[in-house]
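Data block below; observations after.
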Number of protein chains: 2
Amino acid sequence: MDKPDSPSQFAPLGRDGLVDRVANLLGEAIIRGKLKPGSRLSESVIARDLGTSRAPVREAARLLESSGLVAYQPNRGFFVRKISAQELDDLYELRIVIETAAALRVVREAPEAAIDGLAAQIETLRGVSTPEVDMLTQMEADMEFHRRMIAASGNPRFSAIFDQLAKETELCVMVIGRLYGDPRWIADTHLPILEALRARDETAAKDAIEYHIGEARRLVTQQFRTLEE
Amino acid sequence: MDKPDSPSQFAPLGRDGLVDRVANLLGEAIIRGKLKPGSRLSESVIARDLGTSRAPVREAARLLESSGLVAYQPNRGFFVRKISAQELDDLYELRIVIETAAALRVVREAPEAAIDGLAAQIETLRGVSTPEVDMLTQMEADMEFHRRMIAASGNPRFSAIFDQLAKETELCVMVIGRLYGDPRWIADTHLPILEALRARDETAAKDAIEYHIGEARRLVTQQFRTLEE
DNA sequence: TTCATGTCGACTGTCGACAATTTCTTGACA
DNA sequence: TGTCAAGAAATTGTCGACAGTCGACATGAA
């Protein structure tokens, strides 16, 4: 697909800014549960730990804020976002809306090749869907399927929203500490979605999405509510 | 600490941080067309003009970036976002998705009082829907109806997305320089939505939303494409 | 001319310091 | 013992300065 005549033997040299590196570090730490929801993100200590000044840390925190992982309180600083069961429920409702809309577009106009990519991702997902594999790995394989499906819809707006929702979802599941159901079962409920997309069946796609995400919504929010006391 | 009788309507600026004030100023300037899409937002000159340092300006710009009004290029700075016709089309597609979903929830569970508020807003909209009134005022009255309807859905996520889309929509319409149709007609196409919500008719609500926003989408993107050459 | 290279100016990226605000501590007092 | 206020400590908000990077223009060779 690339390098027709330009033998650019050098990779574009990752010149991520300092801000992006800090943001990735913090984001990872949050999603992996190293930083618990509600805990303070002190600019000073992070800056000292990373050997930078506070300015990049601050910008990174603002970035994470717009990603929904961090909450900002004026004159008080940044905190790892604490998501309520209600917010989680709203989040899943939005996911259903977005993914249903994306699936309809996929049914209508996505090329067959894109759907093949989804099938491959389900295989990947099934491959990691065993109790031995790290939970985060499983969840990310799951999310990757949804990400690809939404990308196949062709509307980058859908993808942008999903990326944010996915991060917050991961955060919540990490808080719960385990997946919301049997890994194998979770992987298999993706199959009806794929079949509906293949068959170009709008109604079936809508139903499959609503069932798949709806079940996750039900199970996750339920477990989440028990944690809230 | 605080004044018990402080007239909060006179001191909204003093309480907001400097960053928010700068962000509002810049956002207004962009939406009002004082800053044309593609033009550079130089941190230095803005800071000098406002009598602050660059730090608050930078943070404000990042805020506007997550609002979609400003684009950021590493090592080059901030620019007023230049929206393509394709992006505008995607934006409207998302608006249809979100507002349809919100309308369904309103039909299902919104209290009657909320719908009354929508009716009142349509009256306000009709009041300003004359050629003499400022275009931005008309558009904001229009957007306010949608904002209230989505707020009535009870899912703050829908509102958050809409607020961003609304700003970008305003930006695009300002670029076009005039409304996309007869003001009176625009105001009146809100009525079927209201009636469907009142009647608690899901299908009618969906159709009314799709027609209303779909027409705007068609007209706006069409006019926008002619500007792109 | 046309392309590559060198130089310059303007801007952003990062920094350390100080001011403003919040939070914690402490001790007086009922 | 509990409450509250004043001060201390810690943290955020803002600032001015300097270094790093990018784009534009000039210079020179093919």
Side-chain angles (χ1 to χ4, degrees), chain A residues 5-26 29-30 35-66 69-82, chain B residues 1-4 6 8 11-26 29-30 35-66 69-82:
Chain A
D5 60 340
S6 98
S8 71
Q9 59 195 112
F10 297 115
L13 185 51
R15 51 205 157 109
D16 276 358
L18 188 51
V19 172
D20 296 86
R21 260 182 295 168
V22 175
N24 287 337
L25 238 66
L26 289 180
I30 292 174
L35 295 168
K36 301 267 184 290
S39 63
R40 180 185 218 118
L41 294 181
S42 166
E43 300 174 10
S44 331
V45 316
I46 294 172
R48 187 150 20 85
D49 287 356
L50 298 179
T52 72
S53 80
R54 278 172 46 213
V57 175
R58 230 179 129 74
E59 287 204 27
R62 280 233 124 104
L63 241 51
L64 293 176
E65 189 202 4
S66 61
L69 291 182
V70 157
Y72 168 71
Q73 294 179 260
N75 285 319
R76 305 217 329 112
F78 297 91
F79 300 80
V80 179
R81 174 123 176 265
K82 207 187 229 162
Chain B
M1 186 70 65
D2 54 345
K3 301 184 175 181
S6 104
S8 64
L13 291 185
R15 260 330 185 197
D16 280 353
L18 188 50
V19 172
D20 297 86
R21 262 182 293 170
V22 175
N24 287 335
L25 238 64
L26 289 179
I30 292 174
L35 295 168
K36 302 266 185 289
S39 62
R40 182 187 215 118
L41 293 181
S42 167
E43 300 174 11
S44 330
V45 317
I46 293 172
R48 189 149 18 85
D49 287 356
L50 297 179
T52 74
S53 80
R54 277 172 47 214
V57 175
R58 223 179 136 76
E59 290 203 28
R62 279 233 127 104
L63 241 50
L64 292 176
E65 190 202 5
S66 60
L69 291 182
V70 157
Y72 169 70
Q73 292 179 260
N75 286 320
R76 305 226 323 113
F78 297 91
F79 300 81
V80 179
R81 173 120 177 266
K82 209 184 222 163

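Just so we're on the same page: letters track the sequence lines, and every chain starts at 1.
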Hey, what are the protein-to-nucleotides 13-15 of chain C N/O distances that come in under 3.5 Å?
unit_1: C/dG13; atom_1: OP1; unit_2: B/Tyr72; atom_2: OH; d: 2.4
unit_1: C/dG13; atom_1: OP1; unit_2: B/Asn75; atom_2: N; d: 3.0
unit_1: C/dG13; atom_1: OP2; unit_2: B/Arg58; atom_2: NH1; d: 2.4
unit_1: C/dG13; atom_1: OP2; unit_2: B/Arg58; atom_2: NH2; d: 2.5
unit_1: C/dG13; atom_1: N7; unit_2: B/Arg54; atom_2: NH2; d: 3.0
unit_1: C/dG13; atom_1: O6; unit_2: B/Arg54; atom_2: NH1; d: 2.9
unit_1: C/dT14; atom_1: OP1; unit_2: A/Leu18; atom_2: N; d: 3.0
unit_1: C/dC15; atom_1: OP2; unit_2: A/Ser53; atom_2: N; d: 2.7
unit_1: C/dC15; atom_1: OP2; unit_2: A/Ser53; atom_2: OG; d: 3.1

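For D/dT12, one of the phosphate oxygens OP1 or OP2 lies less than 4.0 angstrom from a side-chain nitrogen or oxygen of A/Ser44.
Note: B/Leu63 CG to A/Glu65 CD = 7.0 Å, rounded to the nearest 0.5 Å. If you take CG on A/Leu25 and CG on A/Asp20, they are separated by 12.0 Å, rounding to the nearest 0.5 Å. Here the CG atom belonging to B/Leu35 is positioned 7.0 Å from the CG atom belonging to B/Leu26, to the nearest 0.5 angstrom.
Comparing the axis of the opening five pairs of the helix from C/dT1-D/dA30 to C/dA30-D/dT1 with that of the closing five pairs yields an angle of 20°, rounded to 10°.
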Donor-acceptor pairs under 3.5 angstrom involving side-chain atoms of residues 47-57 of chain B: please list them, not counting sequence neighbours.
unit_1: B/Ser53; atom_1: OG; unit_2: B/Ala55; atom_2: N; d: 3.4
unit_1: B/Arg54; atom_1: NE; unit_2: B/Glu43; atom_2: OE1; d: 3.0
unit_1: B/Arg54; atom_1: NH2; unit_2: B/Glu43; atom_2: OE1; d: 3.1

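When all heavy atoms are compared, the tightest approach of B/Ala61 to B/Val70 is O-CG1, 4.1 Å. In terms of heavy atoms, B/Val22 sits closest to B/Ala60 at CG1-CB, 3.6 Å. Of all non-hydrogen atoms in A/Arg58 and A/Phe78, the two that sit nearest each other are O-CZ, 4.2 Å.
Using a 4.5 Å cut-off on side-chain heavy atoms (C-beta onward), A/Arg21 and A/Leu18 make contact.
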